[in-house]
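Residue numbers run from 1 in the order of the sequence given. What you see is a predicted model; the values in this text were computed from it and never measured.
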Amino acid sequence: MLDTIKALAKKTDSKILMVVLDGIGGLPLELGGETELATAVTPNMDALAKQAQLGQVELVGAGITPGSGPGHLSLFGYDPIKFVVGRGALSAVGIGVKLGFGDVAVRGNFATLGAGRIVDDRRAGRPSDEKNAEIVGKLKAAIPELGGVKVEIYTESEHRFVVVFRNPGTPLGANLSDVDPQATGVQPLVAEAHDEASKKTAELVNAFVASAEAALKDESQVNGVLFRGYSDVPHFPSMGDVYGLRAACIASYPMYKGLASLVGMDVLEVEGHEDALAGKVATLQANWDKYDFFYFHVKKTDSTGEDGDFHEKVHKIEIFDELLPQLLALKPDVIAIVGDHSTPSKMESHSWHPVPLLIHSQYARKDVAARYTEEEAQKGTLGLRRGTDVMPLLMANALKLQKYGA
């Protein structure tokens, strides 16, 4: 499909704004109740919905729960089954780490381990970035190398960190199982190689876990590490080459900046801490004339869902709705509001449920949906779509695609 879009793409002056409300899809706390999105008071999104087309999006496929990486790749038009990248590389690239041939990057979570190495908290209470940096400093001092392989450890944010294993001359494999059980009340898993090239990496990961627990044994909360998302250097066709777009990313979290960078977006600087929406709006306004595609990421709709905080997720949705008029004031030719996956507070995790999609342009057909919610999106004229359909729809609404065939 990318080759077809590339052949049809044409440059115009129209501008596209894709807003990704991370983990926006939800569930009611009780059967028959309302989701977080439907509970939120969102007059601005509701008004936009009445002038737009709505539908639902499955990012990977029916019943498949997407990670943030595959979810975003799908939204950007890259089939996540074909274009596979581990979260480690996304995080590493996002914080400016250069990966070389044969390096393996790993995404880590700091965790709280109880008696018997039972995982009490997979995110160690979401420590501050300052505490994260303190712990990373301890690990750097304790684990500079393992078995002759150089170990680099980097702060990402809160409970997240990145490890890069570098073994010049002998490439490391990245095909191994996770340490993170993605559940509490159980022990961390043991990394196991899925091919011969990854056996050395699995040994390194397991040795790192043991060394980290020894180095952090006096910490009361941040005393363990969990790994998932191993990856070597990925190579993707750029959005500029495929779509003919000058594309920009406005995000705070390193993983999303890394992903945008891998698909050829310029990653713009944002003032403020973490998900500072005011800083993101300011960056968008300051760069509006320089690009024709903007990816605008909102994180807290996801993290509040992961924390199981229904009411706080509602609040974060309402905060975004309050600033939406500032985005609309820029008069984008096409604006989309969508999620990269669902994160129901009821489940405290990503889920397989489709996410609502809104597309507004002067070429949208009349729709019956009256709000931007999951239930209203089910009524929308866009129907149920694959995530990879979103970019072609945005390009078409921006009149950036030529006719196919005679």
J.: Do Tyr243 and Phe293 have ring centres separated by under 6.0 Å?
T.: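 Aromatic pair excluded; centres sit 6.0 Å or further apart.
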J.: Is any side-chain heavy atom of Phe83 less than 4.5 Å from a side-chain heavy atom of Pro237?
T.: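 Yes; the side chains approach each other to less than 4.5 Å.
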J.: For Lys199, I'd like to know if atom NZ has over 12 heavy atoms of other residues, nucleotides or ligands within 6.0 Å.
T.: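 At most 12 heavy atoms, drawn from other residues, nucleotides or ligands, come within 6.0 Å of this atom.
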J.: Would you say Glu36's side chain and Val314's backbone share a donor-acceptor pair under 3.5 angstrom?
T.: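 Between the backbone of Val314 and the side chain of Glu36 there is no qualifying donor-acceptor contact (under 3.5 Å).
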J.: Donor-acceptor check, side chain of Asn287 to backbone of Thr283, threshold 3.5 angstrom: yes or no?
T.: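 The answer is yes, because a donor-acceptor pair under 3.5 Å joins these two groups.
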J.: Between the main-chain N or O of Tyr78 and the side-chain N or O of Thr388, is there a donor-acceptor pair closer than 3.5 Å?
T.: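 Between the backbone of Tyr78 and the side chain of Thr388 there is no qualifying donor-acceptor contact (under 3.5 Å).
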J.: Kindly indicate, with the supporting measurements, whether the criterion side-chain contact (heavy atoms from CB on, under 4.5 Å) is fulfilled by Leu324 and Ile335.
T.: CA-CA 11 Å; Leu324 179 58; Ile335 181 170; 4.3 Å; yes
J.: Would you tell me whether Glu374 and Thr35 have side-chain atoms, one donor and one acceptor, within less than 3.5 Å of each other?
T.: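 Yes, a side-chain donor-acceptor pair sits under 3.5 Å.
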J.: Quick check: does any side chain N or O of Lys299 sit under 3.5 Å from a backbone N or O of Tyr253, one acting as donor and the other as acceptor?
T.: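 No, because the side chain of Lys299 does not come within donor-acceptor range (under 3.5 Å) of the backbone of Tyr253.
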J.: Distance-only, no hydrogens or angles: does the Thr304 side chain make a donor-acceptor pair with backbone N or O of Lys300 under 3.5 Å?
T.: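 Side chain of Thr304 to backbone of Lys300, a donor-acceptor pair under 3.5 Å: yes, one is there.
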J.: Could you tell me if the side chain of Asp120 sits less than 4.5 Å from the side chain of Thr184, heavy atoms only?
T.: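 Result no, sub-4.5 Å side-chain heavy-atom pair not found.
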J.: When you look at NE2 of His194, are more than 12 heavy atoms from neighbouring residues, nucleotides or ligands closer to it than 6.0 Å?
T.: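 Yes, the 6.0 Å shell around NE2 holds more than 12 heavy atoms from other groups.
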J.: Checking the side chain of Asp367 only, and the main-chain atoms of Leu54 only, is there a donor and an acceptor separated by less than 3.5 Å?
T.: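 It does hold such a pair.
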J.: Should Glu312 and Lys316 be marked as a salt bridge (charged side-chain N to carboxylate O under 4.0 Å, His left out) after you check the CA-CA gap, both sets of side-chain angles, and the distance that decides it?
T.: CA-CA 6 Å; Glu312 189 59 22; Lys316 296 304 183 185; 3.6 Å; yes
J.: Side-chain contact, heavy-atom cut-off 4.5 Å: Tyr154 with Val136?
T.: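 The answer is no; the side chains never approach within 4.5 Å.
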J.: Distance alone, cut at 3.5 Å: any donor-acceptor contact between the side chains of His297 and Asp22?
T.: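 Their side chains do contain a donor-acceptor pair, which is all the 3.5 Å distance test asks for.
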J.: Which residue is it: Val119, Val225, Leu226? I am looking for the one with a side-chain contact (heavy atoms from CB on, under 4.5 Å) to Asp180.
T.: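 So, applying the side-chain contact (heavy atoms from CB on, under 4.5 Å) to Asp180 and each of Val119, Val225, Leu226, only Leu226 qualifies.
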J.: Is it the case that Tyr372 and Asp46 place a side-chain donor and acceptor less than 3.5 Å from each other?
T.: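 Absent: no donor and acceptor within the cut-off.
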J.: If you take all heavy atoms of Asn223 and Glu219, which pair is closest and at what distance?
T.: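 Smallest heavy-atom distance, with atoms named: CB-O, 3.5 Å.
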J.: Does Asn397 use its side chain to pair, donor to acceptor, with the backbone of Leu394 at less than 3.5 Å?
T.: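 No, because the side chain of Asn397 does not come within donor-acceptor range (under 3.5 Å) of the backbone of Leu394.
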J.: So which heavy atom on Ser231 is nearest to which on Gly88, and how close?
T.: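 The pair with the smallest heavy-atom distance is OG-C, 3.6 Å.
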J.: Are Thr343 and Glu306 linked by a side-chain donor-acceptor pair shorter than 3.5 Å?
T.: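 On atom types as modelled, these side chains do not qualify, holding no pair under 3.5 Å.
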J.: Classify the angle between the aromatic ring planes of Phe296 and Phe320 as parallel (below 30°), tilted (30 to 60°) or perpendicular (above 60°).
T.: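 Ring orientation of Phe296 relative to Phe320: tilted.
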J.: Could you tell me whether the side chains of Ser14 and Lys400 share a donor-acceptor contact shorter than 3.5 Å?
T.: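 Yes - a donor-acceptor pair under 3.5 Å links their side chains.
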J.: Would you say that Glu58 contacts Leu384 through its side chain, given a criterion of any heavy-atom pair below 4.5 Å between the two side chains?
T.: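 Counting from C-beta outward, Glu58 and Leu384 do come under 4.5 Å.
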J.: Under 3.5 Å, side chain of Thr201 to main-chain N/O of Ala174, donor-acceptor pair present?
T.: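 No, because the side chain of Thr201 does not come within donor-acceptor range (under 3.5 Å) of the backbone of Ala174.
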J.: Only one of Glu134, Glu158, Arg160, Glu156 clears side-chain contact (heavy atoms from CB on, under 4.5 Å) with Asp129; which?
T.: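 That would be Glu158; it is the only one of Glu134, Glu158, Arg160, Glu156 passing the side-chain contact (heavy atoms from CB on, under 4.5 Å) with Asp129.
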J.: If you apply the rule side-chain contact (heavy atoms from CB on, under 4.5 Å), what do you find for Ile153 with Val162, and how did you get there?
T.: CA-CA 6 Å; Ile153 311 166; Val162 180; over 6 Å; no
J.: For Lys10, is the NZ atom crowded, meaning more than 12 foreign heavy atoms sit under 6.0 Å from it?
T.: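 Buried by this count: over 12 neighbours within 6.0 Å.
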J.: Return yes if some donor-acceptor pair links the side-chain N/O of Asp121 with the main-chain N/O of Gly125 below 3.5 Å, else return no.
T.: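 Checking the backbone N and O of Gly125 against the side chain of Asp121, a donor-acceptor pair under 3.5 Å is found.
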J.: Do Leu29 and Phe310 have side-chain heavy atoms sitting under 4.5 Å apart?
T.: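 They are in side-chain contact.
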J.: Can you list the steps and then say if Val57 with Val390 is a side-chain contact (heavy atoms from CB on, under 4.5 Å)?
T.: CA-CA 8 Å; Val57 175; Val390 173; 4.1 Å; yes
J.: Any donor and acceptor pair, going by atom type alone, linking the side chain of Ser74 with main-chain N or O of Leu59 inside 3.5 Å?
T.: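 Yes.
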J.: Just checking, any donor-acceptor pair under 3.5 angstrom between side chains of Gln53 and Thr381?
T.: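 Result is yes, a qualifying pair exists.
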J.: Where is the tightest heavy-atom contact between Lys280 and Ser252, given as atom of each residue plus distance?
T.: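 Shortest heavy-atom contact: CE-OG, 3.2 Å.
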J.: Heavy atoms, side chains only, cut-off 4.5 Å: are Leu48 and Leu358 in contact?
T.: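 Answer yes - side chains close enough.
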J.: Could you walk me through whether Arg246 and Asp292 pass the salt bridge (charged side-chain N to carboxylate O under 4.0 Å, His left out) check?
T.: CA-CA 6 Å; Arg246 296 168 298 159; Asp292 44 31; 3.4 Å; yes
J.: Let's go through Leu284 and Leu17 carefully: what are the C-alpha distance in whole Å and the side-chain angles of both, what is the deciding distance for side-chain contact (heavy atoms from CB on, under 4.5 Å) to 0.1 Å, and is it a yes or a no?
T.: CA-CA 10 Å; Leu284 180 67; Leu17 173 59; 4.3 Å; yes
J.: Give the minimum heavy-atom separation between His353 and Pro344, together with the two atoms involved.
T.: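 Closest approach of His353 to Pro344: ND1-CG, 4.4 Å.
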J.: Just say parallel, tilted or perpendicular for the rings of His72 and Tyr256, cut-offs at 30° and 60°.
T.: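 Judged by the thresholds at 30° and 60°, the geometry between His72 and Tyr256 is tilted.
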J.: For the residue pair Phe76 and Tyr295, does the interplanar ring angle fall in the parallel (under 30°), tilted (30 to 60°) or perpendicular (over 60°) class?
T.: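 Correct class here is perpendicular.
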J.: Taking all atoms of both residues into account, what is the closest heavy-atom pair of Leu146 and Ser211, and its distance?
T.: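 The pair with the smallest heavy-atom distance is CD2-OG, 4.2 Å.
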J.: Could you tell me if the ring centre of Tyr230 sits under 6.0 Å from that of Phe165?
T.: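 Not close enough - the centres of the two rings lie 6.0 Å or further apart.
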J.: Consider side-chain contact (heavy atoms from CB on, under 4.5 Å). Of Leu245, Val334, Leu8, which one does Met395 pass it with?
T.: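 Option passing the side-chain contact (heavy atoms from CB on, under 4.5 Å) with Met395: Leu245.
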J.: Locate the shortest heavy-atom distance separating Gly69 from Met255; write the atom from each residue and the value.
T.: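 Minimum heavy-atom contact is N-CE, 4.1 Å.
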J.: Within a reach of under 6.0 Å around CG of Asp195, are more than 12 heavy atoms found that belong to other residues, nucleotides or ligands?
T.: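 Check passes, neighbour count above 12.
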